[in-house]
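Have a look at the structure below, then the notes.
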Amino acid sequence: MSKAKPIQIMDTTLRDGHQCLIATRLRTEDMLPIAEKIDRVGYAAVEMWGGATFDAAIRYLKEDPWERIRELKKCMPRTPFQMLLRGQNLVGYRHYADDVVERFIDRAIANGINILRIFDALNDFRNLKTSIKAALKYGGKVEGTFCYTISPVHNHALFVEMAKRLEDMGSDAICVKDMAGLLSPYAAFDLIGKLKKAVSVPIHLHSHDTGAMAVSTCLKAIEAGVDIVDTAISSLASGTSHPPVETIVSILKGGKHDPQFDLTLLAEIADYFREVRKKYKEFESDYTGVDPNVLIYQIPGGMTSNLTMQLSEQKSLHRMREVLDEVPKVREDFGFPPLVTPMSQIVGTQATLNVLTGDRYKVITTETKNYLKGLYGKPPAPINEMVRKKAVGDEAPILCRPADLLAPEMDRSKEELKEISDNIEHIISYAIFPNVTREFFRKTQGPVKEAHLPSSEEAPSSEVPPLLAPTEYNVKVHGETFHIKVGGVGHPVEGGKPYFIYVDGQLEEVIVESLLEVVPSAEGKIDVRVGGRSTLPKSVHDGDVTTPMPGVVVAIKVKVGDTVTAGDTVLIVEAMKMQSEVHTSISGIVKAIYVAEGERVNPDEVLVEIRPNP
Ligand code: MN
């Protein structure tokens, strides 16, 4: 039986809570007003960084994620800050070189992260070596983590072995990461009991409520002696998120595990987030409430909302069921990887492609190819040879620690970013997400440096004509406020002088294809015009290369006049955060290229024209 000890609770609202329920869109400005109250609850830690929040901050919110740690720390001096780190993948989707890992962890801790929950999607602990070492070196606490999953090759004895190894690697605590909410209450009782016997460091349970088991699972885990459990505030809890803290606190009230939290304070925090959540209505997943299918499909919280978003982007939301059916098949082909980032994205996107193209593995993402090569580490079970052959041919799989193959990356990032910033944190962001970070700077700084812009305090210089209208606005659309700012002045063009403006929030995606022109008129009003791109020719010939799905062209691999062979890669298109190679179906000569890198493209457009040799 467990001893009398108050359960420790970590709050996940500011990271996993909104990551699961509103696609990671919660802004720092919506965290700060309530931060002081969260700090008073008595949580063992607040998880407020890492996972998808880093990417989402730069990609969608145009916020500097490093700034979030510093801002929150000012309002939350008492409670330790925790982050989720994907081992060698950091907060991204591929393996980064050791020097990036080390600098990232150094800066995360220096900015205020106290505890790092470190995992690898394949439970290949070679991929945790560098990050655990770095976290300990820079004074962080390490929660060595294994991903809980159910498959023919996973069992409790194996998980206990993993926990022992994590303890040997220097972990200050062990986390059971049940990212999909698959851990049943009785399985938890058995597993936690065994873990408590096998290791001496605290055990921390992270479980999702997708199948509505998480409250019971926490309770049985507490009975079995677990030390810390994860919860979220009720208004951002349940469903694909975590068990509500108020429920756990109330169940334990007066008993030997009572954490003695103030329920009135928790109610105030819940009220706050209930209101705030309304602002993010458009990011709510269509799959809310209890999803018993999680037990069949093993889809983690974040993945369900991502699949929904991806399919909506592809205008194929009605095919969700087919994709959910395809996911376990792809997983089996891939050797039963736990479905957690980046494996959840790799498996999810490949399953989506298999369904949308109507031909399994016809289009294979670069990430799938890399996984099948062994670049993510060792899969839990052998992978389907036919699929591997299709993706990588006769190439021999990689058997070493994948990061051993990577040359240092920091110097190159520094060099590539030097025109824009020499700030170490910006360089790290760039090393992890080069395109997204470049776009972030383009959007937030504009094509002309801010310093060149006339501000209200500044006398207009002779080079830059004064704007007759103010340069910043708050525009309300359906109750949501968007911050609009005129960011820079371009070269004069026919019909006026373009002003580059950037728009806060989701309108970003709308203006991505085209430059907005803002022309101040004599009355001081601003006239906004949206420039467009001429429509690309529609696909008609055999040699017309098209994208299998809407996305952005990230690389063009051919030039006009090149000779190509059927199957050669012509373009690389990024869709759903994954890159896919687009091949030519015929051999011939490149006659025309209709797109540029960075352009958004659709399946019915001809991107490159290839004609057979005469
Ligand atoms: Mn989670």
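Just follow the structure's listing: the first ligand is 1, and inside any ligand the first atom is 1. Being a predicted model, the structure only gives us computed values, none of them experimental.
- Looking only at side-chain heavy atoms (C-beta outward), Lys196 and Asp227 come within less than 4.5 Å of each other.
- Within the 3.5 Å criterion, the main-chain N or O of Ala108 finds no donor-acceptor partner in the side chain of Trp66.
- For the Mn ion (ligand 1), the neighbouring protein N/O/S atoms at less than 2.8 Å, given as residue and atom, are Asp16 OD2, His206 NE2, His208 NE2.
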Problem set entry | Verdict with reasoning, Tyr93 to Ile346, per side-chain contact (heavy atoms from CB on, under 4.5 Å) | CA-CA 9 Å; Tyr93 312 100; Ile346 296 173; over 6 Å; no
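- Here the two rings, on Phe334 and Tyr371, have centers that are under 6.0 Å apart.
- Tyr138 and Phe104 have their aromatic ring centers separated by at least 6.0 angstrom.
- With hydrogens and angles ignored, the 3.5 Å screen pairs a side-chain donor or acceptor of Ser316 with a backbone N or O of Gln314.
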